[in-house]
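The structure under discussion appears below in the form of structure tokens.
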2 protein chains.
Amino acid sequence: MKRELDHKLHLRNIKPTAMRQLVLHVLTEQSTAISLPELEQIFDRADKATLYRTLKTFEKNKLIHRINDGAGPVKYALCQDTCKCQPEDLHVHFLCTKCNQTYCLTEIPIPDITLPAKFSFENVNMVVKGVCANCAI
Amino acid sequence: MKRELDHKLHLRNIKPTAMRQLVLHVLTEQSTAISLPELEQIFDRADKATLYRTLKTFEKNKLIHRINDGAGPVKYALCQDTCKCQPEDLHVHFLCTKCNQTYCLTEIPIPDITLPAKFSFENVNMVVKGVCANCAI
DNA sequence: TCTGACTTTGCAACCCGGTTGCATCAACTT
DNA sequence: AAGTTGATGCAACCGGGTTGCAAAGTCAGA
């Protein structure tokens, strides 16, 4: 277990400190994306700035990706092992309006968009809102 | 001019106070979306809370719509006269990574997405990032 | 093994966008 | 003219995000 976590960190060139192992462990346990404030609650003895910088490091090294779902704080979720955070790795995110959980729909690529003349494409963010399977009656 | 503004307010059942006329006037002058902090700078003698509540009122009455482009503060842009803020009124937004301006691409509808089983659709937000025509070399 | 350079952590403080409570003011009704 | 309602201005607060700085930890080379 710890081996796998260290391996993941190693793959992304991140030094495996105790803090980072713990944070990564929590991240792997999540089925939905998690925000910094939520992380603070889980580690109620840990420092906010450290958690913040840990997430920054993870994001910079493409271990996690940031999700802006428009519902408060930014959330983070693990990248696929093969992810390079390129356009082809982008996928749709889903925000449940009942439980406020955000899902990575990794199997749903984002459709192509034809932009107006002289507008160039770099990146795209797509968030669908609705009710998730867990909250469906 | 003032007539048109009052008419727009009237159409959306918003009482035409001086403040609201001024804010609406500024909004109609923008070719791109504007944030509350930007609005504060334009009206440097006006109160933040008043501007805030003015935008809230406009949004509630569907005179403007909120755009969350992930680049700092929420931005707002005028709705089309016919807009009911229903899914069919949704369009793609474009954030220029050079000038940080956000455009409503009202002519580009958001493509349909097939969600996983038992996930229901309510709403969708799509923001394309890139370089806009003005900033293209 | 010791030393020095570099990284990570913890604490504190700060910034800024957003939001609310409350008193005052304006407009409109009767 | 008095009373009701809504709008405004001011102040304060909240929470997420961010940074400066000093202490602790890590590691390579002597």
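Nothing here was measured: the structure is a model prediction, and the numbers come from that model. Proteins get letters first, then strands, A, B, ... in listed order; numbering begins at 1 in each.
- Ring centers of B:Y76 and B:F58: at least 6.0 Å apart, outside the cut-off.
- Contacts between residues 14-44 of chain A and DNA chain D, counted as heavy-atom distances below 4.0 Å, involve A:L36, A:P37.
- In this structure, A:R53 places its CZ atom 8 Å from C1' of C:dG10, rounding to the nearest Å.
- Rounding to whole angstrom units, OH of residue B:Y76 and C1' of C:dG17 are separated by 10 Å.
- Inspection of the B:T102 and B:K75 side chains reveals an N or O donor paired with an N or O acceptor under 3.5 Å.
- Side chain of A:D47, nearest nucleotide from C:dG10, D:dT19, D:dT8: C:dG10.
- Remark: nothing in residues 54-75 of chain B comes within less than 4.0 Å of DNA chain D through any heavy atom.
- In this structure, A:D89 contributes its side chain and A:Q86 its backbone to a donor-acceptor pair below 3.5 Å.
- Scanning for side chain to side chain donor-acceptor pair (under 3.5 Å) contacts around A:K8 gives A:D81, with sequence neighbours left out.
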Decide yes or no on side-chain contact (heavy atoms from CB on, under 4.5 Å) for B:K98 and B:C132, but give the supporting numbers first. CA-CA 8 Å; B:K98 285 201 178 168; B:C132 74; over 6 Å; no
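- Taking atom CG of A:L51 as the reference point, atom P of C:dT8 lies 15 Å away to the nearest angstrom.
- Contact check, B:Y52 against C:dT19: a side-chain N or O comes under 4.0 Å of OP1 or OP2.
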Please determine whether side-chain contact (heavy atoms from CB on, under 4.5 Å) holds for the pair B:V124 and A:M126, giving the CA-CA distance in whole Å, both sets of side-chain angles, and the decisive distance to 0.1 Å. CA-CA 7 Å; B:V124 60; A:M126 187 165 186; 3.8 Å; yes
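- Judged by distance alone, the side chain of B:Q41 and the main-chain N or O of B:E38 form no donor-acceptor pair under 3.5 Å.
- A donor-acceptor distance shorter than 3.5 angstrom exists from the side chain of B:D47 to the backbone of B:A49, with no hydrogens or angles considered.
- Among the nucleotides D:dT19, D:dG17, C:dG18, the one closest to any side-chain atom of B:K48 is C:dG18.
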